[in-house]
Enquirer: 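I have a structure here, written as structure tokens, and I will follow up with some questions on it.
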Amino acid sequence: MNEHVDAVLATAPEGGTGNHGAAVAGEAKNPLLVALGDRVRNLRAQRGLTRKAVALSADVSERHLANLEYGIGNASILVLQQVAGALHCSLAELVGDVTTSSPEWLLIRELLEHRSEADLRRVRVALGEMLGTASVDPARHRRIALVGLRGAGKSTLGQMLAEDLEIPFIELSREIEKLAGCSVREIHDLYGTNAYRRYERRALEEAVQIYSEVVIATPGGIVSDPATFNELLAHCTTVWLQAAPEEHMGRVAAQGDTRPMAASKEAMEDLRRILNGRAAFYSKADLSVDTSGKTLPQSFQALRAVARQSMGLA
């Protein structure tokens, strides 16, 4: 038996009169662990497996597995992975991911697994049309939303594009501050990220309602909330302004803000990680313009060309 696995699985004694056993017996079970135990037990029943068979396959003692099933065993992530393997399910199914909450969810997830990004995008669009959530907004092509990290040029290029098209320009961050009555930093400090996301969603919804023609510079993290990003994709033609991490950092510093460099010696590496983490979402934009190595006029001309073409303008 794997002694390391047994060691990292925190369990309560099955019996005994020791102080530790008495303490556990007197404590209320953690609801999360109880729910986890129920799922393990139900999955084992669905597979028609005995506890002994699962324990043997997972390389975990039968006693530890029993404690896990009864909600008194706080297993490590490695043990849960082994138990999931023994039950022939994903770790997500074991811990209760939403995509495992019903047979239909499981069947849909099975159909989508291992599909390419292009296939998944087609499915997302088709689902939107079938469920009535797809964009039928006739003004979508006249609203241009710029996405990308800070320093991509969204504010500068967005203002220039709006002037060229003779339509309004808004920075969503400023609209968020108007709604909240304080700065973005204060929203995060006082109310937290969840509150900020709510203000962000409200600001976008109001902008869409007010403007049928507009250029919107969005916050870099708008792609972090799938619901808000879906709203953006449904009502605006989105353009990803791309740039190399070094250019992002250099442009922020050129604006007089040296905090990114001063705050951390690993600032550049952090920036690369953020960009890598968000790139897959930014790539869902309708259009993209790479501003790396380009002057401001060159970047503007590239943005102007794709925006005007998208809007059907000469």
Side-chain angles (χ1 to χ4, degrees), residues 1-114 187-201 221 224-230 273 277 281:
M1 188 62 62
N2 189 325
E3 295 180 357
H4 173 69
V5 169
D6 285 341
V8 296
L9 181 57
T11 62
E14 291 180 313
T17 58
N19 292 334
H20 179 67
V24 171
E27 292 177 359
K29 291 182 181 179
N30 184 290
L32 179 64
L33 295 180
V34 171
L36 174 62
D38 287 342
R39 281 190 294 275
V40 172
R41 192 163 54 250
N42 290 337
L43 285 165
R44 182 167 60 80
Q46 289 173 19
R47 271 59 169 177
L49 297 170
T50 64
R51 185 180 295 150
K52 182 175 183 179
V54 173
L56 184 63
S57 179
D59 198 18
V60 175
S61 75
E62 190 174 349
R63 170 173 167 261
H64 286 168
L65 182 60
N67 285 341
L68 176 62
E69 289 190 357
Y70 287 110
I72 55 176
N74 190 359
S76 74
I77 193 70
L78 292 177
V79 168
L80 293 180
Q81 186 177 46
Q82 289 174 229
V83 172
L87 292 171
H88 309 290
C89 68
S90 68
L91 188 58
E93 187 171 357
L94 193 69
V95 299
D97 181 90
V98 66
T99 62
T100 69
S101 58
S102 74
E104 289 297 341
W105 260 119
L106 285 169
L107 292 170
I108 291 170
R109 195 186 68 178
E110 176 66 24
L111 290 173
L112 298 179
E113 278 188 325
H114 310 304
I187 297 172
H188 282 286
D189 291 345
L190 294 174
Y191 309 117
T193 300
N194 289 338
Y196 171 79
R197 293 299 173 206
R198 289 195 297 271
Y199 282 119
E200 184 179 58
R201 178 71 180 271
S224 300
D225 185 276
T228 304
F229 192 39
N230 266 330
R273 278 196 293 268
F281 294 93

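Index from 1, following the sequence.
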Enquirer: Report the distance from atom CD of Glu200 to atom CD1 of Ile187, rounding to the nearest 0.5 Å.
Expert: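 One finds 10.0 Å between CD of Glu200 and CD1 of Ile187.
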
Enquirer: Looking only at non-hydrogen atoms, find the nearest pair between Ala66 and Arg51 and report the distance.
Expert: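 That closest heavy-atom pairing would be CB-NH1, 3.7 Å.
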
Enquirer: Is the NZ or CZ atom of Arg41 positioned over Tyr70's six-membered ring, under 6.0 angstrom from the centre and within 45° of the axis?
Expert: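 Yes, Arg41 lies over the aromatic ring of Tyr70.
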
Enquirer: If only atom types and distance count, is the side chain of Arg39 paired as donor or acceptor with the main-chain N or O of Val95 below 3.5 Å?
Expert: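 Side chain of Arg39 to backbone of Val95, a donor-acceptor pair under 3.5 Å: yes, one is there.
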
Enquirer: When rounded to the nearest 0.5 angstrom, what distance separates CD in Gln81 from OG in Ser90?
Expert: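 Atom-to-atom, Gln81:CD and Ser90:OG are 11.0 Å apart.
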
Enquirer: Would you give the length of the straight line joining atom CD of Glu110 to atom CG of Leu112, rounded to the nearest 0.5 angstrom?
Expert: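 Between atom CD of Glu110 and atom CG of Leu112 there are 9.5 Å.
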
Enquirer: Which atom pair, heavy atoms only, marks the closest approach of Leu32 to Asn30?
Expert: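 Closest pair (atom of Leu32, atom of Asn30, distance): N-OD1, 2.8 Å.
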
Enquirer: Please report the C-alpha distance between Arg197 and Thr228 in whole Å, then the side-chain angles of each, then the deciding distance to 0.1 Å, and finally whether the side-chain contact (heavy atoms from CB on, under 4.5 Å) criterion is met.
Expert: CA-CA 8 Å; Arg197 293 299 173 206; Thr228 304; 5.8 Å; no

Enquirer: Might you point out which heavy atoms bring Ala92 and Arg109 nearest each other, and give the distance in Å?
Expert: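 Heavy-atom minimum between the residues: CB-NH1, 4.1 Å.
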
Enquirer: When rounded to the nearest 0.5 angstrom, what distance separates CG in Asp225 from CZ in Phe281?
Expert: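 Interatomic distance, Asp225 CG to Phe281 CZ, rounded to 0.5 Å: 10.5 Å.
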
Enquirer: Can you name the nearest heavy-atom pair linking Arg201 to Ala227, along with the distance?
Expert: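 The pair with the smallest heavy-atom distance is NH1-CB, 3.3 Å.
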
Enquirer: Check whether any side-chain N or O of Ser57 sits under 3.5 Å from a backbone N or O of Val54 as a donor-acceptor pair, and report yes or no.
Expert: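 No; judged by distance alone, with no hydrogens or angles, the pair does not exist.
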
Enquirer: Output the distance between atom CG (Leu65) and atom CG (Leu56), rounded to the nearest 0.5 Å.
Expert: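 So the CG of Leu65 and the CG of Leu56 are separated by 11.5 Å.
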
Enquirer: CD/Glu69 to CG/Leu33 distance, rounded to the nearest 0.5 angstrom?
Expert: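 Reported to 0.5 Å precision, the distance equals 13.5 Å.
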
Enquirer: Dump the intermediate steps for side-chain contact (heavy atoms from CB on, under 4.5 Å) on Leu91 and Ile77, then the final yes or no.
Expert: CA-CA 9 Å; Leu91 188 58; Ile77 193 70; 3.8 Å; yes

Enquirer: On a heavy-atom basis, which atom in Ala75 and which in Leu80 lie closest, and how many Å separate them?
Expert: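 Closest approach of Ala75 to Leu80: CB-CD2, 3.8 Å.
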
